[in-house]
J.: 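Just passing along the structure, written as C-alpha cells.
Protein chains get the first letters and strands the later ones, always in sequence-line order, with residue 1 at the start of each. Side-chain atoms are counted along with the backbone in the values below, which use heavy atoms only and exclude waters and symmetry mates.
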Number of protein chains: 2
Amino acid sequence: MPGKDEHEPVPIRTALSRADGIDLDIIELLFFAYRDFTSDPDQILAADGFGRAHHRVLHFVNRMPGLTVAELLDVLKITKQSLARVLKQLIDTGHIVQLPGPKDRRQRELYPTQRGRALALALARPQSRRIDAALKETGRDKRDVIEGFLKAMVNPDLRAQIDNLPGRPGTLGSDDG
Amino acid sequence: MPGKDEHEPVPIRTALSRADGIDLDIIELLFFAYRDFTSDPDQILAADGFGRAHHRVLHFVNRMPGLTVAELLDVLKITKQSLARVLKQLIDTGHIVQLPGPKDRRQRELYPTQRGRALALALARPQSRRIDAALKETGRDKRDVIEGFLKAMVNPDLRAQIDNLPGRPGTLGSDDG
DNA sequence: AAAATATGTCAGCCTTGTTGACATATATCG
DNA sequence: CGATATATGTCAACAAGGCTGACATATTTT
C-alpha cells in the first residue's frame with residue numbers, strides 16, 4: 001500500500017479545553033464579539049452595494065479629512081490597487097472627493113462629502129449603540145479597563161496610529177485653523 | 001452639462017469626532033485590536049498554504065470533536081460549498097478525519113488528528129500570549145470585566161453558541177461516555 | 001533635462017464567500 | 001418494498017476584496 005502507509009490518523013475525541021493552557025474563552029469571545037460588531041454596518045453597506053472595504057476607507061477619511069492616498073494606504077495596510085477599486089466607487093457615488101494637495105499637487109487629499117459623512121455616521125451609530133449597551137451591562141465605570149485592554153492588544157509599534165487620530169490624548173491638532 | 005448638475009460636492013474639512021455622539025474610541029480600538037489579534041495565526045497558516053477559513057474550521061473541530069458537518073455549518077454561518085473546499089484540504093493534509101455517525105450513518109463526524117490538534121494549538125498559542133500580555137498590563141483582576149464586556153457585545157440570540165462550548169458555565173457535557 | 005515621487009490604471013491571480021443544480025448514501029414514511 | 005426526505009459531496013459559475021507586475025501621467029526634486 002504505497003503512499004498510504006499504515007498510520008491511518010487517529011481521531012482525537014477529547015475537546016481542546018482551558019486545561020491546554022490556552023485562553024480559549026477570550027479567544028472565542030473576541031471572535032464572536034467582532035463578528036456581531038461588524039454585522040451591523042454590513043447590512044447598511046449592502047444596500048449601497050458596498051462592503052467592509054468601503055466602510056474602512058470611509059471611516060478613516062471621515063476621521064482624518066484631507067489625508068492623502070499614501071497616508072490612507074498606510075493606515076489600511078493594503079495595496080494601492082486594492083484601494084483604487086473601492087475608492088473609485090466612493091468617489092463616483094459622491095461620498096468622497098479628492099482635492100489636489102495645496103503644497104504638493106501630485107497628492108490627492110481625500111475629504112468626505114455631506115453624503116459620505118452621513119453614511120459614515122449611519123454605519124458608526126449601530127456599532128456605538130452596541131458598545132453602549134455592552135458598557136451599560138458591564139458597568140460604565142469599567143470603560144477605562146476595556147479601553148486599556150483593547151489598546152494593549154494592539155501591536156506596540158502600531159499604537160501610534162491610534163494616538164494620532166483626532167481627539168486623542170497626545171493629539172497633534174492637524175487642523176491649524 | 002447634463003448629469004453633473006451644479007452641485008459639485010463640498011468637501012467636509014472637520015474630522016468626525018466624539019462630539020458627534022459616537023463612541024469612536026472603542027470602535028477603532030476594536031478594529032485595531034482584532035486586526036493584530038488575527039495577524040498572529042495568519043502567518044503560521046500561510047506556511048501550510050492555509051487561510052483564516054481553515055483556522056476557523058480547525059478551531060471548532062478541536063473544540064467540539066465529533067460535531068457533524070451540519071453543526072459546523074451552523075456555527076460558522078457559511079454555505080456547504082464554502083466549507084467543502086477548506087474542509088477537503090484539512091482532510092487531505094491529515095489535520096481532520098471524518099467518521100460516519102454511529103447512529104445516523106449519513107452524517108460525518110469530524111475529529112482532529114494529532115496533527116490537527118497540534119496546529120490548532122500552535123495557532124491559539126500566540127493569541128493566548130497576546131491576551132495574557134494585555135491582561136497583565138490591564139490587571140489580571142479585571143479579567144471578568146473584559147469577558148463580561150465582550151460577551152455583552154455578542155447578539156443575545158447567539159450567546160448560546162458560546163455557552164455550549166466545552167468547559168463553559170452551563171455546559172451540557174456532550175461526551176456521554 | 002533627468003530622476004524621483006504620487007497617483008492612476010490595466011491585466012491577471014488567489015482566497016473565500018455566494019447560488020444553483022445534481023449525485024449518492026442512508027433513513028424514514030406509507 | 002417503494003417513495004420520499006435528509007446529510008453530504010461535488011460541479012460550475014460568479015463576486016468581493018486581497019495580491020503582484022507593469023506601465024502611464026503629472027509634478028517635484030535634483
J.: Which atom pairs link the protein and nucleotides 18-20 of chain C when you take only N or O atoms and keep those under 3.5 Å?
T.:
{"unit_1": "C:dT18", "atom_1": "OP2", "unit_2": "B:Thr79", "atom_2": "N", "d": "2.7"}
{"unit_1": "C:dT18", "atom_1": "OP2", "unit_2": "B:Thr79", "atom_2": "OG1", "d": "2.9"}
{"unit_1": "C:dT18", "atom_1": "OP2", "unit_2": "B:Ser82", "atom_2": "OG", "d": "3.1"}
{"unit_1": "C:dG20", "atom_1": "O6", "unit_2": "B:Gln81", "atom_2": "NE2", "d": "2.9"}

J.: Just the rounded figure in Å: distance from P of D:dG18 to CG of A:Leu72.
T.: 11 Å
J.: Could you state the atom-to-atom distance from CG of B:Leu90 to C1' of C:dT15 in whole Å?
T.: 14 Å
J.: Show the nearest heavy-atom pair for residues B:Ala15 and A:Arg117, with the distance to one decimal.
T.: C-NH2, 3.8 Å
J.: Apply salt bridge (Lys or Arg N to Asp or Glu O under 4.0 Å) to residues A:Asp92 and A:Lys88 and explain how you reach the verdict.
T.: CA-CA 6 Å; A:Asp92 290 348; A:Lys88 191 173 191 316; 3.3 Å; yes
J.: What is the nucleic acid contact for A:Gln98, judged by heavy atoms within less than 4.0 Å: base, sugar-phosphate only, or nothing?
T.: sugar-phosphate
J.: Of all heavy-atom pairs between B:Phe37 and B:Ile131, which one has the smallest distance, and what is that distance?
T.: CE1-CD1, 4.1 Å
J.: At what distance, to the nearest 0.5 angstrom, does CD of A:Glu137 lie from NZ of B:Lys151?
T.: 9.5 Å
J.: Do the side chain of A:Arg108 and the main chain of A:Val97 share a donor and acceptor less than 3.5 angstrom apart?
T.: no
J.: Taking all non-hydrogen atoms of both residues into account, name the closest pair between B:Ile22 and A:Ala124 and its distance.
T.: CG2-CB, 3.6 Å
J.: Give the residues of residues 51-64 of chain A touching DNA chain D, defined as any heavy atom closer than 4.0 Å, sorted by residue number.
T.: A:Gly51, A:Arg52, A:Ala53, A:His54, A:Arg56
J.: What is the distance from CG of A:Leu73 to C1' of C:dG8, rounded to the nearest Å?
T.: 12 Å
J.: Consider the side chain of A:Arg108, meaning its heavy atoms from C-beta on, and name the nucleotide among C:dG8, C:dT9, D:dG9 that approaches it most closely.
T.: C:dG8
J.: Rounded to whole Å, please give me the gap between CD in B:Glu71 and P in D:dT6.
T.: 17 Å
J.: Charged N to carboxylate O below 4.0 Å: is that the case for B:Glu147 and B:Arg143?
T.: yes
J.: Starting from C1' on D:dA15, measure out to CD on A:Gln89 and report it in whole angstrom.
T.: 12 Å
J.: Any side-chain heavy atom of B:Pro126 sitting closer than 4.5 Å to one from B:Ile44?
T.: yes
J.: Whole Å only: how far is the CD atom of B:Glu109 from the P atom of D:dG9?
T.: 13 Å
J.: Round to the nearest Å and state the distance from B:Leu87 atom CG to C:dT15 atom P.
T.: 17 Å
J.: Knowing that exactly one of B:Ile78, B:Val75, B:Leu90 qualifies, which makes a side chain to side chain contact (heavy atoms under 4.5 Å, CB included) with B:Val57?
T.: B:Leu90
J.: Can you tell whether the side chains of B:Arg129 and A:Asp23 come within less than 4.0 Å, N to carboxylate O?
T.: no
J.: Please produce a list of atom pairs where a protein N or O lies less than 3.5 Å from an N or O of nucleotides 28-30 of chain D.
T.:
{"unit_1": "D:dT28", "atom_1": "OP1", "unit_2": "A:Arg105", "atom_2": "N", "d": "3.3"}

J.: For the rings on A:His95 and A:Phe50, is their centre-to-centre separation under 6.0 Å?
T.: yes
